[in-house]
Protein chains: 2
Amino acid sequence: MAKNKRGVDRQVKQDEIVDIAGELFLTQGYEATSMAAIARGAGVAPNTLYWYYRDKDDLLISVLDRLLEDGFTRYAALADKPLNELVFWLLKELKQAGGLVATVHARLGESVALRQWHDQFHALMGQLVAGHLAAHGIDGADSRTESAILSFVIEGLLSHPTDQASQRRIIDRLLLGPVSYSAG
Amino acid sequence: MAKNKRGVDRQVKQDEIVDIAGELFLTQGYEATSMAAIARGAGVAPNTLYWYYRDKDDLLISVLDRLLEDGFTRYAALADKPLNELVFWLLKELKQAGGLVATVHARLGESVALRQWHDQFHALMGQLVAGHLAAHGIDGADSRTESAILSFVIEGLLSHPTDQASQRRIIDRLLLGPVSYSAG
DNA sequence: ACCTGAACACCGTTCAAGT
DNA sequence: ACCTGAACACCGTTCAAGT
């Protein structure tokens, strides 16, 4: 499509590449997707990708940014639902992102750019959760504790397929409190 | 070392390979460790590894088994400490395994053998935790819920470096109960 | 500025052959 | 049964050259 050549539309071409890369990453997985395959999909030579992106990780980051952006657009519509509703929604959202969550964690040590993206992502989620918790009078260290637990459990649920019922029990246990077994 | 040739010691040679593979996986990471590097360390030709192991994932599984075995040996010494102590101990243990946790999750889709190992590992941990929770009168679905949450949070803490204090807050929050904000 | 063909330095794995 | 040299089919990335 959209030919480039004269400064017509660098942005468009870039979007096109991210499109196809995202689709392949999500369906085949990051490792299983070769730069050659992405190039083929975008109708360019493999090395052309390096004109637009520093390397494969950089391309991954652009895909993640796109996914995040789309997610936020959808989030806006239900920002003031109760927290547990939001968590279930978020789970469904991230399920789409599938193996990419695991991929990001596995590559944290191999790409500083990716690590930065990851840290920012968690900071962002932390702020969001903090906002919701503040409505319940929870802030400071407690808020950060809750937020960390929530994100860990969400990530866990993503990488460990869990049936709907167990999933609900887990979220409810977190948000409504435990079957108390404090202090043996 | 230990020459093979006549049926002297297949087991010994295999241990030798797992040794060096484990060391490299832990220090350089799975992806960053080539079969060639492992072979070099073991003093054999690269393709010789395929006499002992089906592929790289199979070798990873052997390394994981070794790590697990060692862990259990150390666990035996403190099996009846209180649960939160055990969790802290486990965290320290798994920290050694470092990026391998993320590696396993990232490769779940690419190796059925690895997925089987992973599922068995969680089942095993689940049983262990269930034993401890039973002492607090928790079993059935509740026990499985607690166990799932615990393992997710442990995995989360592993892949997201957290200072000692926050870590303790998180574990205590889980085992001693939340700052209650039930039912808005 | 944008794109390419060709090459580089790998990678995991297989095969046919040797002992 | 154990081990190897050589090759296969990739891989991400770089470079020099073209428009």
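Values in this document were obtained by computation on a predicted structure and should not be read as measured data. Just so we're on the same page: letters track the sequence lines, and every chain starts at 1. All values below were derived from every heavy atom in this structure, side-chain atoms included, with hydrogens, water molecules and symmetry-related copies excluded.
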Round to a whole Å and report the spacing from CD of A:Q11 to P of C:dA1.
17 Å
Once you round it to whole Å, what is the distance between C1' of C:dA1 and CD of A:Q14?
13 Å
Aromatic ring pairing B:W89/B:Y75, orientation class (parallel under 30°, perpendicular over 60°, tilted between):
tilted
Measure from CG on A:D58 to P on D:dG12 and round the result to the nearest Å.
15 Å
Under a 3.5 Å limit on both distances, the Watson-Crick or wobble mate of C:dG12 is D:dC8
Do A:R107 and A:E31 sit within salt-bridge range, that is, some charged N less than 4.0 Å from a carboxylate O?
yes
Of the listed nucleotides (C:dT4, D:dG12, C:dT13), which one gets closest to any side-chain atom of B:M35?
C:dT13
OP1 or OP2 of C:dC3 sitting under 4.0 Å from any side-chain N/O of A:W51?
no
Could you tell me how far apart A:Q28 (CD) and D:dC11 (P) are, to the nearest whole angstrom?
12 Å
Distance below 4.0 Å between A:Y52 side-chain N/O and C:dC3 OP1 or OP2
yes
Separation of C:dC11 C1' from B:Y50 OH (nearest whole Å):
9 Å
Which nucleotide wins on minimum distance to the side chain of A:K56, given the candidates D:dT4, D:dC2, D:dG12?
D:dG12
Nearest whole angstrom, please: distance from the C1' of C:dC2 to the CG of A:L49.
13 Å
Mind calculating the distance between CZ (A:R107) and C1' (D:dG12) to the nearest angstrom?
10 Å
Can a side chain N or O of A:R10 be found less than 4.0 Å away from OP1 or OP2 on C:dC2?
yes
Hey, does the Lys NZ or Arg CZ of A:R10 hover above the aromatic six-ring of A:Y52, less than 6.0 Å from the centre and inside 45° of the axis?
no
Please state how far atom CD in B:E31 lies from atom P in D:dC11, giving the value in whole angstrom units.
14 Å
Side chain of A:K13 - closest among C:dC3, D:dC3, C:dT14
C:dC3
If you check every side-chain atom of A:T48, which of D:dT4, C:dC3, D:dC2 has the closest atom?
C:dC3
Would you mind classifying the nucleic acid contact of B:S34 as base, sugar-phosphate or nothing, using non-hydrogen atoms under 4.0 angstrom?
sugar-phosphate
If you check the B:A45 side chain, which of D:dT4, D:dG12, C:dC2 turns out closest?
D:dT4
Taking pairing as Watson-Crick or G-U wobble with both contacts under 3.5 Å, can you name the mate of D:dT19, or confirm there isn't one?
C:dA1
Between A:T48 (side chain only) and A:V44 (backbone N and O only), is there a donor and an acceptor less than 3.5 Å apart?
no
Could you tell me whether B:D19 and B:R66 make a salt bridge, using a distance below 4.0 angstrom between a side-chain N and a carboxylate O?
yes
